[in-house]
Amino acid sequence: MKSAPIIGVLAIQGGVREHLASLEVAGATAVAVNSIADLDAVQGLVIPGGESTVMSKLAIHDGLLDPLRNARAGGMPMYGSCAGMIMLADRVSDARPDQEFISGLDISVRRNAFGRQVDSFEMDLEVQGIGGTPFPAVFIRAPWVEQVGEAVQVLSTINSGPRAGTIVAVQQGPLLATSFHPELTGDVRIHATFVEIVRQYA
């Protein structure tokens with residue numbers, strides 16, 4: 001039996017409880033991360049959705065931004081959903097000039113690209129590597145990926161409608177990111193993918 005990796009969820013904003021529950025079902029020991037000591041104790045980290053501008057401010061205020069950058073640079077696997085994708089991106093469009101990011105993922109993203117809260121939607125997506133039926137993706141004020149670097153693997157794109165072909169899930173080594181919120185679906189296959197990434201890289 002494989003041991004359960006210890007995976008944190010950055011608990012300064014967003015859907016922390018839902019990610020913790022999904023990680024536990026997916027085979028991890030999940031803990032909230034509120035401090036540098038918490039960060040040092042985990043093998044991987046989920047950066048939840050929320051509001052990336054607020055998340056940036058709180059991470060700076062709490063003294064966590066540089067430790068997060070250092071952990072990522074040191075090879076810690078990280079998974080960002082929605083605002084978490086923005087926090088991991090190297091290039092962000094429509095961000096405030098003073099907004100800061102963890103970065104490390106060689107992608108260009110656009111904040112709130114799918115529209116405002118009232119434009120939220122659900123869509124079944126084919127996601128490379130998760131197997132089985134299409135994934136029930138939930139998009140809420142979601143970013144999309146406009147460009148990826150050579151080292152980035154595209155895992156999913158919008159498959160129909162006016163935004164067909166838009167990139168919404170990517171992986172670059174130990175870094176995973178989705179435009180959508182898998183923690184709201186009850187389907188833990190994305191979290192299970194991240195648990196395996198942590199086992200592979202941590």
Side-chain angles (χ1 to χ4, degrees), residues 5-16 19-20 23 28 30-113 141-149 151-153 155 167-183 190-191 193-195 197-198 200-202:
I6 301 171
I7 299 180
V9 179
L10 185 63
I12 57 176
Q13 207 224 4
V16 177
H19 276 294
L20 289 171
L23 286 168
V31 298
V33 169
N34 293 293
S35 68
I36 296 173
D38 292 341
L39 183 62
D40 289 342
V42 300
Q43 298 168 278
L45 183 72
V46 172
I47 304 157
E51 214 295 319
S52 65
T53 305
V54 176
M55 196 177 296
S56 170
K57 287 182 177 179
L58 292 174
I60 294 169
H61 178 270
D62 295 345
L64 283 171
L65 188 60
D66 283 338
L68 287 166
R69 288 171 171 164
N70 293 338
R72 192 273 306 155
M76 178 182 283
M78 293 187 176
Y79 162 48
S81 67
C82 196
M85 169 187 267
I86 295 169
M87 291 298 290
L88 287 177
D90 279 347
R91 299 167 296 278
V92 180
S93 299
D94 291 342
R96 285 173 48 129
D98 61 346
Q99 189 169 352
E100 296 196 48
F101 308 95
I102 300 168
S103 303
L105 188 52
D106 186 10
I107 59 174
S108 301
V109 301
R110 182 170 296 278
R111 293 177 69 244
N112 302 332
R141 296 181 63 198
W144 67 41
V145 179
E146 295 187 320
Q147 189 177 38
V148 301
V152 176
Q153 181 182 10
L155 301 182
I167 299 168
V168 292
V170 295
Q171 182 181 351
Q172 179 183 340
L175 303 178
L176 176 70
T178 63
S179 299
F180 51 86
H181 292 264
E183 77 280 8
I190 297 292
H191 291 84
T193 296
F194 185 59
V195 171
I197 289 172
V198 174
Q200 179 182 355
Y201 285 96

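Bear in mind that the values here come from a model prediction, so they are computed numbers and not experimental data. Side-chain atoms are counted along with the backbone in the values below, which use heavy atoms only and exclude waters and symmetry mates.
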Heavy-atom side-chain contact between Met76 and Leu39 under 4.5 Å = yes
When rounded to the nearest 0.5 angstrom, what distance separates CE in Met55 from CD1 in Ile60?
-> 12.5 Å
Heavy atoms only: give me the nearest Ala95-Phe101 pair and the separation to one decimal.
-> CB-CZ, 3.8 Å
Taking the side chain as every heavy atom from C-beta outward, state whether Val9 and Val33 have any pair of such atoms under 4.5 Å apart.
-> no
For the pair Arg141 and Cys82, evaluate side-chain contact (heavy atoms from CB on, under 4.5 Å) and give the outcome as yes or no after the intermediate values.
-> CA-CA 8 Å; Arg141 296 181 63 198; Cys82 196; 5.7 Å; no
Kindly write out the residues that satisfy side-chain contact (heavy atoms from CB on, under 4.5 Å) with Leu175, not counting sequence neighbours, or none if the list is empty.
-> Arg72, Met78, Leu105
To the nearest 0.5 Å, tell me how far Ser35 OG sits from Leu64 CG.
-> 7.0 Å
Closest approach of Glu183 and Gly15, non-hydrogen atoms and distance?
-> CG-O, 4.4 Å
Of all the heavy-atom pairs spanning Gln172 and Val152, show the shortest one and how long it is.
-> OE1-CG2, 3.4 Å
Minimum heavy-atom distance Pro143-Ser179, with the two atoms named | O-OG, 2.8 Å
Given side chains that start at C-beta, do those of Val42 and Ile7 come closer than 4.5 Å, heavy atoms only?
-> no
At what distance, to the nearest 0.5 angstrom, does OG of Ser81 lie from CD1 of Ile190?
-> 10.0 Å
Determine yes or no for a side-chain-to-main-chain donor-acceptor pair under 3.5 angstrom, with Gln171 supplying the side chain and Gly173 the backbone.
-> yes
On a heavy-atom basis, the closest approach of Ala59 and Ile12 is N-CD1, 3.8 Å
Test log, rule side-chain contact (heavy atoms from CB on, under 4.5 Å), inputs Val145 and Met85 | CA-CA 9 Å; Val145 179; Met85 169 187 267; 3.6 Å; yes
What is the distance from atom CG of Asp66 to atom CD of Glu100, rounded to the nearest 0.5 Å?
-> 8.0 Å
Correct closest heavy-atom pair for Ala41 and Ile6 would be O-CG2, 3.9 Å
Indicate yes or no: at least one non-hydrogen side-chain atom of Val168 is less than 4.5 angstrom from one of Phe180.
-> yes
How long is the span from the CG atom in Leu176 to the CG atom in Leu88, to the nearest 0.5 Å?
-> 9.0 Å
Apply side-chain contact (heavy atoms from CB on, under 4.5 Å) to the pair Met87 and Leu68, showing each step before the final yes or no.
-> CA-CA 10 Å; Met87 291 298 290; Leu68 287 166; 6.0 Å; no
Not counting sequence neighbours, which residues clear side-chain contact (heavy atoms from CB on, under 4.5 Å) with Asn34? List them please.
-> Ala11, Ala32, Asp38
Donor-acceptor under 3.5 Å (Asp90 side chain, Ile107 main chain) = no
Flag the pair Asp106 and Arg91 as a salt bridge only when some basic side-chain nitrogen lies within less than 4.0 angstrom of an acidic carboxylate oxygen.
-> yes
In a table with atom names and distances, give each donor-acceptor pair under 3.5 Å that connects a side chain of residues 44-52 to protein atoms at least two apart or in another chain.
unit_1 : atom_1 : unit_2 : atom_2 : d
Glu51  : OE1    : Thr53  : N      : 2.8
Glu51  : OE1    : Thr53  : OG1    : 3.4
Glu51  : OE1    : Val54  : N      : 3.0
Glu51  : OE2    : Arg111 : NH2    : 2.7
Ser52  : OG     : Gln99  : NE2    : 3.0
Ser52  : OG     : Arg111 : NE     : 3.1

Dump the intermediate steps for side-chain contact (heavy atoms from CB on, under 4.5 Å) on Gln153 and Val170, then the final yes or no.
-> CA-CA 6 Å; Gln153 181 182 10; Val170 295; over 6 Å; no
If the plane angle is over 60° it's perpendicular, under 30° parallel, otherwise tilted; pick one for Tyr79 and Phe194.
-> tilted
